[in-house]
Amino acid sequence: MFDILLVATLLVAVVTGFLPPNQFTLRHRVVIPNSKVRSPVADDQCAQIIVIGKIILDKYGDPDTHDHGDISIGGGGPQSAWGACAALGARDMLGWNDDDEEQRMLTDDTASPPKQNVTFVAPIGLKNWTPEMTISLNSLLPMLKTPPKLVTSLEHMTPTIHIWHDTNETVNWTPMDESFGEQGADGLWRLNLLDDILDEIENHYENNIVLHAILQCGHEPTGNGLDALPLFNSSLMERVSAASIEPILFPDEAGVISHDDRSETRAFFERVVDYTSDLCESNQTNKLVLVSPDRPCYDALCSSTESSSNVMQHIEFAVRDGSNGSIIDHGSTIIPPATLKTIDGKPVNPTGAGNAYAGAYAACRGTGSSMEEAACIANAVGAVVCEYENLPPWTWEVLERVVEAACEVRSKIDIKCSGR
Ligand SMILES: *[C@@H]1O[C@H](CO)[C@@H](O)[C@H](O)[C@H]1NC(C)=O
Ligand SMILES: *[C@@H]1O[C@H](CO)[C@@H](O)[C@H](O)[C@H]1NC(C)=O
Ligand SMILES: *[C@@H]1O[C@H](CO)[C@@H](O)[C@H](O)[C@H]1NC(C)=O
Ligand SMILES: *[C@@H]1O[C@H](CO)[C@@H](O)[C@H](O)[C@H]1NC(C)=O
Ligand SMILES: *[C@@H]1O[C@H](CO)[C@@H](O)[C@H](O)[C@H]1NC(C)=O
């Protein structure tokens, strides 16, 4: 019902020539009837987005009180790749580049939304991986131009966890067996993915690659920090115009991020910033460094009393604040959340919303969106992920829902500003 209303509103707005309240930036024009896709511009103008993430096998259910559910493909990687694609797809529906006007393309509502230039690279351990898992991973991400690039190891297992939500909707998980030991994540996440990543970008000639990586951070991270290697390889980084990191950092039992974790994470960001600024200087280019921590991680980084370096100033943070929305522009701008369109207004399954947010923000921001536009769309993508039990399907309906949520977020910002 609501969707029909929305479509009607869009059509009326198109007829009258403008579309409040979703004028994001000058970059985008209003939605044109029946033309949901920005036409393919010359290939060399297209950025390529690389998402590096982890795959974890999820066995859903509380290990103490529930029967164990089926194993499904989880982990932040697929969620981030989905988020990047959904954000780009929704952004294309929101508008057109002014210069693309002559290249409009009419699309068929019955077809799936177009594929996206997003490459997903992840390590898997073959000890417990089955061909069916590859098929089910591919079916979660049907919109990738090339199927996920799986870097395999015969000696390791793909980490497997029990995952469940408690009554407060907090995501809980515990690893199975040796999933995070040397046989599992700790060994597997040391795999060098660089050859495979460089293969994937071989035919992309522009230096406008957007690299988004989910990285284990802190003191003694799983995989010994080697998952960050791509960020320090000049053959790759010379080609990258925006490098984005989703840091994974867990609080201790008391809910506090330890002093060691905090200072190791800061030191790591410092190395990233130093490395990229050196490259920028010798190559006379500019690179965006984006970081999308969750709120506890960001607060810990900010609260540091250590000799304050200016590293934080060189990083653009997009802070994920759960049901509060997100915070951009060095903590100065709060981007409100989208209202969930579920029966009780609560998430059906919030797992992965943060990963999807981070992928969405990186994809949009790395390809020309303003911070605010990127965050509105990313909040919307995160909300829509919460509305589905698993990753949402790749359909026009889902993308329209992302557009609707992004417009809602945008309109809340306008109300807040005019109310001041
Ligand atoms: C849910 O939150 C309440 C209030 O913060 C807390 O007392 C309770 O222990 C939490 N329940 C679980 C299962 O964590
Ligand atoms: C980057 O990684 C590739 C692939 O592992 C390697 O061949 C190359 O030497 C590395 N480049 C630099 C500058 O370290
Ligand atoms: C997609 O990425 C490939 C590989 O880098 C590149 O050659 C191509 O130009 C891009 N095309 C589009 C339509 O985005
Ligand atoms: C960029 O900088 C690196 C490291 O200093 C250097 O090896 C490389 O040749 C430079 N590339 C360009 C295109 O200037
Ligand atoms: C929302 O923000 C408040 C105040 O900063 C904080 O206490 C609360 O934990 C946040 N909620 C979530 C879900 O993160």
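Being a predicted model, the structure only gives us computed values, none of them experimental. In listed order, ligands and their atoms are each counted from 1.
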| message | Over 60° means perpendicular and under 30° means parallel, so tell me whether Phe232 and Tyr275 are parallel, tilted or perpendicular. | response | perpendicular
| query | Looking at ligand 2, does any of its N/O atoms fall within less than 3.5 Å of an N/O of Ser235? | reply | yes
| said: Donor-acceptor check, side chain of Thr265 to backbone of Gly218, threshold 3.5 angstrom: yes or no? | reply: yes
| request: For Leu194, counting its heavy atoms only, list the atoms of ligand 2 lying under 4.0 Å from any of them. | output: 2 (O), 4 (C), 5 (O)
| message | Please work out, at 4.0 Å between heavy atoms, whether the side chain, the backbone, both, or neither of Leu198 comes within that distance of ligand 2. | response | side chain
| query | Is a salt bridge present between Glu408 and Lys412, judged by a nitrogen-to-oxygen distance below 4.0 Å? | reply | yes
| When you check the gap from the basic side-chain N to the acidic O, do Arg410 and Glu373 get nearer than 4.0 Å? | no
| task | Run the salt-bridge test on Lys341 and Glu387 with the 4.0 Å N-O cut-off and return the result as yes or no. | result | no
| query | Of all the non-hydrogen atoms in the protein, which one sits nearest to atom 2 (O) of ligand 2, and at what distance? | reply | Asn233 ND2, 2.3 Å
| request: Note the single closest protein heavy atom to atom 4 (C) of ligand 2, along with its residue, its atom name and the distance in Å. | output: Asp195 OD1, 2.8 Å
| field | Under-4.0 Å heavy-atom contact between protein and atom 14 (O) of ligand 2 | value | yes
| said: As a test of the contact definition, would atom 7 (O) of ligand 2 count as having a protein heavy-atom neighbour under 4.0 Å? | reply: no
| Are the charged groups of Lys54 and Asp227 less than 4.0 angstrom apart, N to O? | yes
